[in-house]
There are 2 protein chains.
Amino acid sequence: VARQALGNEVSRLKAPSTIPYTDDEDAAKPAYYTDHSKPMHDRMEAYVLDLQDRLVTALESLDPSLQKFVRDRWERSDGHGYGISCVLQDGAALEKAGVNVSVISGTLTPGQLKSMRDRRAQTAKLLDDSEQFDFRVAGISVVVHPRNPYAPTAHMNYRRFEVFRQNAPEGEPPVMAWFGGGADLTPAYLFSEDAEHFHQTLKDACDAHDSSYYPRFKTWCDKYFTNIHRGETRGIGGIFFDDLDDKEPEQLFRFAYDAGNAFIRAYVPLVARRMAMPYTQRERDWQLIRRGHYAEFNLVYDRGTKFGLMTPGARIESILMSLPLTARWEYMNEPDPDSPEDRLLRAVRTTTNWTR
Amino acid sequence: VARQALGNEVSRLKAPSTIPYTDDEDAAKPAYYTDHSKPMHDRMEAYVLDLQDRLVTALESLDPSLQKFVRDRWERSDGHGYGISCVLQDGAALEKAGVNVSVISGTLTPGQLKSMRDRRAQTAKLLDDSEQFDFRVAGISVVVHPRNPYAPTAHMNYRRFEVFRQNAPEGEPPVMAWFGGGADLTPAYLFSEDAEHFHQTLKDACDAHDSSYYPRFKTWCDKYFTNIHRGETRGIGGIFFDDLDDKEPEQLFRFAYDAGNAFIRAYVPLVARRMAMPYTQRERDWQLIRRGHYAEFNLVYDRGTKFGLMTPGARIESILMSLPLTARWEYMNEPDPDSPEDRLLRAVRTTTNWTR
């Protein structure tokens, strides 16, 4: 039943000729960008809400069926935060896409503190063993799984994390604060020009702030997004960083702002470029096999997912929103040598410099 | 495309009227059962190979397309063992089924020793911290995912594990040896009579050896096969045990023999009963969502899977053979109250006594 060719149906899709709401370099900056009087946490919150809105609008413009994202606002039952989940499922262009914002606060558990201290000597020094600490975080988390096998999956995530002395008075500065995040691309079929566009756009955003960022964060991304048991990266990489506090918060915020905005320009045009290409069940099956590997990474290795699954009271639907709508595990699937599928495999078994 | 009704195609299937090769209680016992002169490891190896053969034959009899299992024999590159993987994929009755035997030996890693000692005080006492130990294990591992959403998925696994002083001379008895295993059922739709048949058949096999086994091993099964993050058991349970060495090896071997044989009678008739029932895309989608949860358990919690993924040189294809051919993750899928889907959810959110 599922074996017929799908090319005809799909090639009726038409990509939009322009994508709205990509940011304009010359446009006036938003208030949260220019108003230095507000706490950085509040400015980050305003930014991720704005970015969510612009990204959702850009992604909706792709869908010729005019299907819209469903927006859910949820509050934590303990009053310690809220989130806005925007999800589009079973669309003509996008099989599943989630754009989540969450703004959460609380007390760090011993397990969370240990994991932060283990990650970094600086943290171990500043967050004393004998004390307790509160935190707050504002972040955006995005996964897009297009329907067309030639259109790549992408993931993006930016967050600012602040740690406070427990029950610190309102307005006391955090003991520590850092930015984390990144963006990476996971195609089922490799188009060098797509990989180059994605990486170069991110590199340009990085280079405007620090020429060491892109090479460091690209390497970090390749290392982090690896299905160790398969000896394969999840996709063809991008950038990834955590615990970033090596510059003034204002400078780092501007970097996160530029990197988050760059994601729209880096990714959305790639879906527009590929979403109407004809394909058959062969390409669809391969896409679903690669999505099985995507699910493997998220369930076996991803720190955020594992952390979320182990947190009592966490919102499982938001945590597992990153999983594809459909995935496939075929025993002993091995592409023919030099086939397009084999070319993708070779790309995820090595690392490539995709930029100028 | 994938949304059309599937009922017509499937109802053309015809279940077999008899299932061959279920064991006959009155038949002569095989040589490995009666010949006490052979080492227990060799008898267990002969048993799991025999059980594999009988189970594969019984499962093949279900498939009206006469599709056969593909049999792969593999050897570990270090010479420390072999396995036989029997896999049927994309059949008319069975969407994916794997029946694996493996017979492996080696030296226990510090991690493996720690995990065994942590599990059990007895092991910590007998396997001294300052020494190294060798092991050998013979086992069978089975997962069957039928195509029809009304036919349940099942898993079965029996193994005998032996631990030796390192480089012990041939013939020296093991420092420790135990049996482990079990069988459990994962329906997408609940039929009480199927649950009762499965559990009662396993209970009868247990009761013939020790009336405490079934209640202990049923509770263990419910506890082990739990998606903690969802507050749901993977399915409706069965039996599960590990480190079993509370009787003479001969008695425990006879128990494993009976329990393994009982799986064929407990499970294969359920597939025959359900495989030709008409269904629509609604039931198929629900089945795939449940298979998503199945994949979650195996990738996030299952001890054997995690252990395998972390073992350098392990055969990933055999370890992940347990994953379904297709799985689906829908955001915020919530069945209507009192629908058949909701009835299944209620069954996996509680524990039920399915036996007399």
Side-chain angles (χ1 to χ4, degrees), chain A residues 1-6 8-10 70 72 85-90 96-98 145 147 227-231 281 284-285 288-289 291-293 295-301 305-306 308-312 314-334, chain B residues 1-6 8-10 70 72 85-90 96-98 145 147 227-231 281 284-285 288-289 291-293 295-301 305-306 308-312 314-334:
Chain A
V1 161
R3 298 275 81 77
Q4 76 255 38
L6 299 172
N8 286 344
E9 191 230 9
V10 171
V70 175
D72 266 339
S85 294
C86 300
V87 178
L88 190 154
Q89 200 162 264
D90 236 340
K96 190 172 175 187
H145 295 289
R147 186 172 296 282
N227 267 325
I228 301 166
H229 60 284
R230 295 195 180 271
Q281 189 64 46
R284 175 69 175 158
D285 280 352
L288 298 188
I289 287 170
R291 292 204 166 148
H293 292 201
E296 283 173 28
F297 176 82
N298 289 19
L299 292 170
V300 176
Y301 300 103
T305 305
K306 288 170 81 77
L309 294 184
M310 303 307 160
T311 302
R315 191 168 189 268
I316 298 300
E317 287 299 320
S318 295
I319 295 163
L320 295 184
M321 204 200 55
S322 64
L323 296 176
L325 188 62
T326 324
R328 189 171 171 89
W329 282 275
E330 285 182 18
Y331 179 70
M332 298 291 274
N333 178 280
E334 279 174 25
Chain B
V1 161
R3 297 272 81 75
Q4 77 255 39
L6 299 172
N8 286 345
E9 190 228 13
V10 171
V70 174
D72 267 339
S85 295
C86 300
V87 178
L88 191 154
Q89 202 163 261
D90 236 339
K96 189 171 174 187
H145 295 290
R147 186 173 295 281
N227 268 324
I228 300 166
H229 60 285
R230 294 195 179 270
Q281 189 65 44
R284 175 68 173 160
D285 281 352
L288 298 187
I289 287 170
R291 291 203 168 147
H293 293 202
E296 284 174 27
F297 176 82
N298 289 19
L299 293 170
V300 176
Y301 300 102
T305 304
K306 287 170 82 75
L309 294 185
M310 304 308 160
T311 302
R315 191 171 189 266
I316 297 300
E317 288 297 321
S318 295
I319 294 164
L320 295 184
M321 203 200 58
S322 65
L323 296 176
L325 188 61
T326 324
R328 188 170 171 89
W329 281 274
E330 286 183 17
Y331 179 69
M332 297 290 274
N333 178 281
E334 279 173 26

Quiz item: CZ/A:Arg230 to CG/B:Leu320 distance, rounded to the nearest 0.5 angstrom?
Solution: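 Going from the CZ atom of A:Arg230 to the CG atom of B:Leu320 covers 5.5 Å.
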Self-check item: Test item: A:His229 and B:Ile319 side chains (from C-beta on) under 4.5 Å apart, heavy atoms
Solution: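 The answer is no; the side chains never approach within 4.5 Å.
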Exercise. Report yes if some heavy atom in the side chain of B:Asp72 is under 4.5 Å from a heavy atom in the side chain of A:Met332; otherwise report no.
Key: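 A side-chain contact under 4.5 Å exists here.
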Self-check item: Which residues share a ring-ring contact (aromatic ring centres under 6.0 Å, His included) with A:His293, sequence neighbours left out
Solution: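 A:His293 satisfies ring-ring contact (aromatic ring centres under 6.0 Å, His included) with no other residue.
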Quiz item: In terms of heavy-atom proximity below 4.5 Å to chain A, should B:Glu317 be classed as side chain, backbone, both, or neither?
Solution: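 The answer is both parts of B:Glu317.
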Quiz item: What part of B:Ile228 gets closer than 4.5 Å to chain A, counting heavy atoms only: side chain, backbone, both or neither?
Solution: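 No part of B:Ile228 comes within 4.5 Å of chain A.
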Quiz item: Between B:Lys96 and A:Trp329, which heavy-atom pair has the shortest distance, and what is it?
Solution: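 For B:Lys96 versus A:Trp329, the nearest heavy atoms are NZ-O, 2.7 Å.
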Practice problem: Mind listing the closest non-hydrogen atom pair of B:Tyr331 and A:Ser85 along with its distance? | Solution: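 Closest heavy-atom pair between B:Tyr331 and A:Ser85: OH-CB, 3.3 Å.
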Quiz prompt | Pick from A:Val87, A:Asn227, A:Asn333 with the largest number of heavy-atom pairs that fall under 4.5 Å of chain B | solution =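 Top count of heavy-atom pairs under 4.5 Å with chain B: A:Val87.
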Exercise. Output the option from A:Arg291, A:Arg315, A:Lys306 having the highest count of non-hydrogen pairs under 4.5 Å with chain B.
Key: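 Most pairs with chain B among the choices: A:Arg315.
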Quiz item: Partners of A:Thr326 by side-chain contact (heavy atoms from CB on, under 4.5 Å), sequence neighbours excluded?
Solution: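 Only A:Glu95, A:Arg284, A:Leu288, B:Thr326, B:Arg328 meet the side-chain contact (heavy atoms from CB on, under 4.5 Å) criterion with A:Thr326.
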Exercise. Answer with side chain, backbone, both or neither: which region of A:Gln89 has an atom nearer than 4.5 Å to a non-hydrogen atom of chain B?
Key: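 For A:Gln89, the contact with chain B is made by the side chain alone.
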Quiz item: Given the options B:Leu325, B:Leu299, B:Leu309, B:Val300, which has more heavy-atom pairs under 4.5 Å with chain A than any of the others?
Solution: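 The candidate making the most pairs under 4.5 Å is B:Leu325.
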